[in-house]
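Some notes on the structure that comes next.
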Amino acid sequence: MAALQPVRGTHDLLPEDHRRHRHVIDTAAAVSSLYGYEFMSTPIFEFTQVFKRTLGDTSDVVTKEMYTFTDKGGDEITLRPENTAGVCRAYMSNGLAQHAPVRYFYGGPMFRYERPQKGRLRQFHQIGIELIGAPQPLADIEVIACGAAILDRLGILGRTELELNTLGDTASRTDYRNALVEYFSDHKDRLSADSLDRLDRNPLRILDSKDEGDRVLIADAPVFSDYLNQESQDFFGTVRQGLDDIGIGYRLNPRLVRGLDYYCHTAFEFTTTELGSQSAVMAGGRYDGLMEMMGGAPTPGVGWAAGIERLSMLADEPEGQTRPVALVPMGEAAERQVLKLAETLRRSGIQVDIAFGGNMKRRMKRADKVNATHAVILGEDELARGVVQVKDLTTGDQVESPMDGLAARLAPQM
């Protein structure tokens, strides 16, 4: 029988990997709470229409990457490829408009069928925040500031660059879209097949093309800033001034766009050069048209998402795992007693490791393997006298201690 392996594009989060993941999630949750964001979770799968409506029938995610299936009840279900749509669905399903603005933080697995590579998996994990119900540019500034603070706490911010652009309001976007269609229509014979397909349906997505021939054309394409009306310019100016005021540097990138029509105004990415072709560490923007596209009332929103795998590769090493105390019983009577002793220590907040079976030498090797601070040795003689031998595994010193006072003796050293 062939050895079982994980599905391509997935991997096991063994304790060391999981510790780094938890470090990213816990750090991000703690920092975002300072900005008022509360942890929430949505189901890992949703009705497929939640994503088809929001991501667009022509997007690569919908046409090529979603994990979609029909359940036993005949409903079409999709494993979530991203979480903004799910958060917005939850906002509508639970009637949360009366509480607006609301601030949510999330963290968990997402699923996309794409070619696995460094920092990109088919089951991957993201953290993100969503600020729903605030149309003011101050909300955009807050969302970016929160993201920067998380990257800073993780030790990443200094190795990233914030790229910033504006997508304007609906009127500005329409004018820019028309300008792109006119420009690229004059060069149809030089466009890639994918970009030619996008020309009428979603011309802004041509600007994301990685095709070398497309990139040559894109270099001379119209720039969004030339089509911004005064309202859009004022909005973006306020965002930029706010970032300047709180000391967050950025680089204007006029080619940074979002292909879907519900995005507007601020678009941003924190990028790095340390992950090869996968440069985006955190990406977000304003999506005032999303809720209406999903069938709800017009509701402003802004947020970002970041891949935990990428963040964990870049982040500072998390603090070391708590070191346990190793209990080393010798003999059946001692093994029964050590169970009670272990529970007493655990209830006092002391991590305990018990080696199951083996002689003294083998059990002490186990204590070294788990990086224990102390070995607590209990044999028949110690059991009869109500004491234990406590060996400091750092210094090698060994003392005898009453069993009843062991928790108090060890707690200050943990």
Side-chain angles (χ1 to χ4, degrees), residues 37 40-43 45-63 65-66 78 80-106 108 110 112 126-144 146-147 165-174 176-177 201-202 204-205 208 224 231-232 235-236 239 256-269 282-306:
Y37 291 82
M40 66 94 74
S41 296
T42 63
F45 54 83
E46 301 266 3
F47 289 118
T48 299
Q49 282 303 311
V50 169
F51 303 113
K52 278 192 173 181
R53 287 185 183 182
T54 58
L55 296 174
D57 288 335
T58 63
S59 72
D60 286 347
V61 176
V62 170
T63 59
E65 298 173 4
M66 293 202 316
T78 294
R80 62 187 185 196
E82 57 87 33
N83 211 30
T84 299
V87 172
C88 289
R89 193 273 310 148
Y91 178 87
M92 293 189 292
S93 300
N94 292 282
L96 298 174
Q98 60 184 319
H99 302 296
V102 295
R103 294 173 171 87
Y104 296 126
F105 169 85
Y106 63 81
M110 312 293 161
R112 292 190 187 185
Q126 284 186 338
I127 54 170
I129 64 172
E130 311 293 348
L131 173 47
I132 300 173
Q136 298 85 357
L138 180 62
D140 304 48
I141 300 166
E142 178 187 290
V143 163
I144 294 172
C146 180
N165 194 24
T166 176
L167 306 179
D169 59 12
T170 301
S172 299
R173 189 182 182 88
T174 299
Y176 183 55
R177 184 186 189 280
R201 291 186 295 182
N202 205 338
L204 268 72
R205 294 199 62 232
D208 290 327
F224 214 143
E231 181 180 350
S232 298
F235 191 103
F236 193 45
V239 172
L256 178 62
V257 297
R258 301 286 183 261
L260 300 170
D261 289 340
Y262 55 77
Y263 283 106
C264 62
H265 293 301
T266 312
F268 65 91
E269 290 184 1
M282 178 182 289
R286 177 165 283 276
Y287 49 85
D288 289 355
L290 176 57
M291 213 79 76
E292 188 174 7
M293 182 175 287
M294 296 178 71
T299 306
V302 59
W304 53 254

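All values below were derived from every heavy atom in this structure, side-chain atoms included, with hydrogens, water molecules and symmetry-related copies excluded.
Thr299 is not listed as a side-chain neighbour of Met92, based on a closest heavy-atom distance of 4.5 Å or more.
Side-chain N or O atoms of Thr174 include none that pairs as donor or acceptor with a backbone N or O of Ser172 at under 3.5 Å. When atom types are taken as modelled, the side chain of Arg173 and the backbone of Tyr262 share no donor-acceptor pair closer than 3.5 angstrom. Without hydrogens or angle criteria, Asp169 side chain to Ser232 main chain gives no donor-acceptor distance under 3.5 Å.
Pairing each heavy atom of Ala97 with each of Tyr91, the nearest pair is CA-OH, 3.1 Å. Summarising the geometry of Gly301 relative to Asp288, their closest heavy-atom pair is N-OD1, 3.2 Å, with the distance given to 0.1 Å. For the pair Leu96 and Val102, the tightest heavy-atom approach, listed with the atom from each and the gap, is O-CG1, 4.4 Å. The two atoms that bring Pro135 and Arg286 nearest to each other are CA-NH1, 3.7 Å, heavy atoms only. Listed here is the closest heavy atom pair of Trp304 and Tyr106: O-OH, 4.0 Å. What you find for Ala100 and Ile132 is that their closest heavy atoms are CB-O, 4.2 Å.
A centroid separation of less than 6.0 Å is found between the aromatic rings of Tyr176 and Phe224.
Taking the charged nitrogens against the carboxylate oxygens, Arg80 and Glu46 have no contact shorter than 4.0 Å, which rules out a salt bridge. Between Glu82 and Arg112 there is no salt bridge, since no side-chain nitrogen of the basic residue lies less than 4.0 Å from a carboxylate oxygen of the acidic one.
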How far apart are the C-alpha atoms of Met66 and Thr48, what are their side-chain angles, what is the distance that settles it, and do they pass the side-chain contact (heavy atoms from CB on, under 4.5 Å) test? CA-CA 9 Å; Met66 293 202 316; Thr48 299; 4.0 Å; yes
